[in-house]
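Right, one structure below, let's go through it.
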Amino acid sequence: MLRERTRGNSAMQLYRKLCEVHSETWVRRSTHYLSAMEPFLTSGVVRTCTPPPSMPPVPQPGWLLTVYGHDILSRLEDVKARVTSIFGKVLKMDSTKKVTRKLAGAAAGTAAWVTNVGNEHGQVLMSVLTAEEGAGLLPMAAGIVRRYRDAGVEPPQLLYVDRDCCSSFGGSRAATMFAEWEGLVVRLDIWHLMRRFASGVATESHQLYKPFLQQLSSAIFTWYEEDAARLLDAKKRTLMAQGMSFPSDAGVWRHVSRKEMALHCRRRTRGAAETEQLIGDLLEIFGGDWRRDSMGIPLLDQDRIQAIWAEQKRHLR
């Protein structure tokens, strides 16, 4: 039961479940035993009834963890084989501090960053802990390159990173780490591109901050028209079955939630030229003097946002 990859799954939770199940079973069997003995007591065949045995104790959480540890060790080679058999054509390398903050015991404070490399299916190829962001990643990169080479798998075509994607003084640091993959294209991850624009906002508590990020996302992404048309048709038939009709598609779209769009429709980028034009128009609109909150505070710091835009344009090409 500890193998289940569910939220909140732990030895203590398993212990509580076992206690509940064992208690119910013990009560049911004790009730059955006492019910079977009742006719004998009533008829006087026996004068006293031996009480049912006590419920045996349930193993403690520490014992359950020990057994689970032995189970992991027994299939360690299989786990290693599965983990090192993951590949992909599109990779993403990202670093975060969230995981290292959860380190406890002797491991607490031994690392500040964790860097993950995943593929287009959301699977993780490798994770490493480092003392600082971007440091000590060469052995990780060499290990991934060797994995592809030893397995005879074609190298990936694209690598998304959160930093070091390009340089004004030559090749990027990320491309240098995977120098053996000559055809690898390194690009900045779109989410981190959007976060760089967000740093040009006066304050994240601004009333126009959320609309600005929503419009920024719309300037970069668009829905596949075929998927959207199929969803619209399915939603229209569903509403008609409920006795609802609309003279135009606009009325149907009002009943389509963002959750349904994300579940049934794919997104794609608009293209470099269109995105550059839309982001430029967006910054011009939200940078106007009338784009202020109720206290008169502007959304964008004009000098900073223009410097960011001039620097980030290269990531669109």
Side-chain angles (χ1 to χ4, degrees), residues 1-37 49-88 91-151 153 162:
M1 295 179 71
L2 283 175
R3 291 188 184 185
E4 298 179 4
R5 298 178 62 86
T6 55
R7 182 176 296 180
N9 189 25
S10 63
M12 182 57 69
Q13 183 190 54
L14 177 59
Y15 172 75
R16 291 169 180 165
K17 289 181 178 179
L18 291 175
C19 288
E20 181 179 356
V21 173
H22 280 244
S23 299
E24 292 177 355
T25 303
W26 179 81
V27 170
R28 185 174 61 254
R29 291 184 177 182
S30 298
T31 304
H32 179 72
Y33 166 73
L34 294 175
S35 299
M37 289 296 298
C49 174
T50 304
S54 303
M55 187 184 77
V58 177
Q60 296 296 314
W63 185 88
L64 295 174
L65 276 178
T66 301
V67 174
Y68 180 57
H70 287 296
D71 172 63
I72 294 176
L73 292 176
S74 66
R75 51 191 175 91
L76 187 59
E77 295 302 321
D78 178 64
V79 172
K80 288 182 178 180
R82 290 175 180 271
V83 171
T84 56
S85 298
I86 300 175
F87 302 93
L91 302 184
K92 178 182 176 181
M93 185 167 63
D94 188 24
S95 300
T96 179
K97 285 185 175 182
K98 293 182 179 179
V99 176
T100 57
R101 292 170 182 166
K102 297 182 180 180
L103 295 177
T110 58
W113 291 87
V114 58
T115 300
N116 303 307
V117 179
N119 61 13
E120 65 271 29
H121 305 296
Q123 300 169 313
V124 178
L125 277 71
M126 188 176 293
S127 294
V128 295
L129 296 170
T130 57
E132 55 185 272
E133 185 179 15
L137 299 181
L138 287 178
M140 179 200 70
I144 295 178
V145 172
R146 184 171 59 253
R147 180 193 301 184
Y148 274 78
R149 183 176 60 248
D150 294 345
V153 178
D162 57 350

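Residue numbers start at 1 and run along the sequence shown. Bear in mind the structure is a predicted one, so any value in this text is a computation, not a measurement.
Across all their heavy atoms, T100 and A111 have their closest contact at CB-O, 3.7 Å. What you find for P61 and M12 is that their closest heavy atoms are CG-CE, 3.8 Å. What you find for A11 and L64 is that their closest heavy atoms are O-CD1, 3.9 Å.
Residues that satisfy the side chain to side chain donor-acceptor pair (under 3.5 Å) test with S95, not counting sequence neighbours, are T115. Here R149 pairs with E180 under the salt bridge (charged side-chain N to carboxylate O under 4.0 Å, His left out) rule; sequence neighbours left out. Partners of D150 under the side chain to side chain donor-acceptor pair (under 3.5 Å) rule, at least two apart in sequence or in another chain, do not exist in this structure. A search for side chain to side chain donor-acceptor pair (under 3.5 Å) contacts involving R147 returns nothing, not counting sequence neighbours.
Atom NZ in K80 sits 5.0 Å away from atom CD in E77 (nearest 0.5 Å).
Annotation: side chain of T130 is in contact with side chain of L137 (closest heavy-atom distance under 4.5 Å).
Residue pairs meeting the side chain to side chain donor-acceptor pair (under 3.5 Å) criterion with at least one member in residues 27-36, sequence neighbours excluded, do not occur. For the side chain to side chain donor-acceptor pair (under 3.5 Å) condition, no pair includes a residue of residues 49-64, sequence neighbours left out. Residue pairs meeting the salt bridge (Lys or Arg N to Asp or Glu O under 4.0 Å) criterion with at least one member in residues 92-117, sequence neighbours excluded, are K92-D189.
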Residues L129, T110; criterion side chain to side chain contact (heavy atoms under 4.5 Å, CB included); working and verdict: CA-CA 9 Å; L129 296 170; T110 58; 5.7 Å; no
Name the atoms and distances for all side-chain donor-acceptor pairs under 3.5 Å in residues 118-128, with sequence neighbours left out.
from: N119; atom 1: OD1; to: H121; atom 2: N; distance (Å): 3.0
from: N119; atom 1: OD1; to: G122; atom 2: N; distance (Å): 3.2
from: N119; atom 1: OD1; to: Q123; atom 2: N; distance (Å): 2.9
from: N119; atom 1: ND2; to: F87; atom 2: O; distance (Å): 2.8
from: N119; atom 1: ND2; to: Q123; atom 2: OE1; distance (Å): 2.9
from: E120; atom 1: OE1; to: K89; atom 2: N; distance (Å): 3.3
from: E120; atom 1: OE1; to: V90; atom 2: N; distance (Å): 3.2
from: E120; atom 1: OE2; to: K89; atom 2: N; distance (Å): 3.3
from: S127; atom 1: OG; to: N116; atom 2: OD1; distance (Å): 2.5

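With Y15 contributing its side chain and S10 its backbone, the two residues share no donor-acceptor pair below 3.5 Å.
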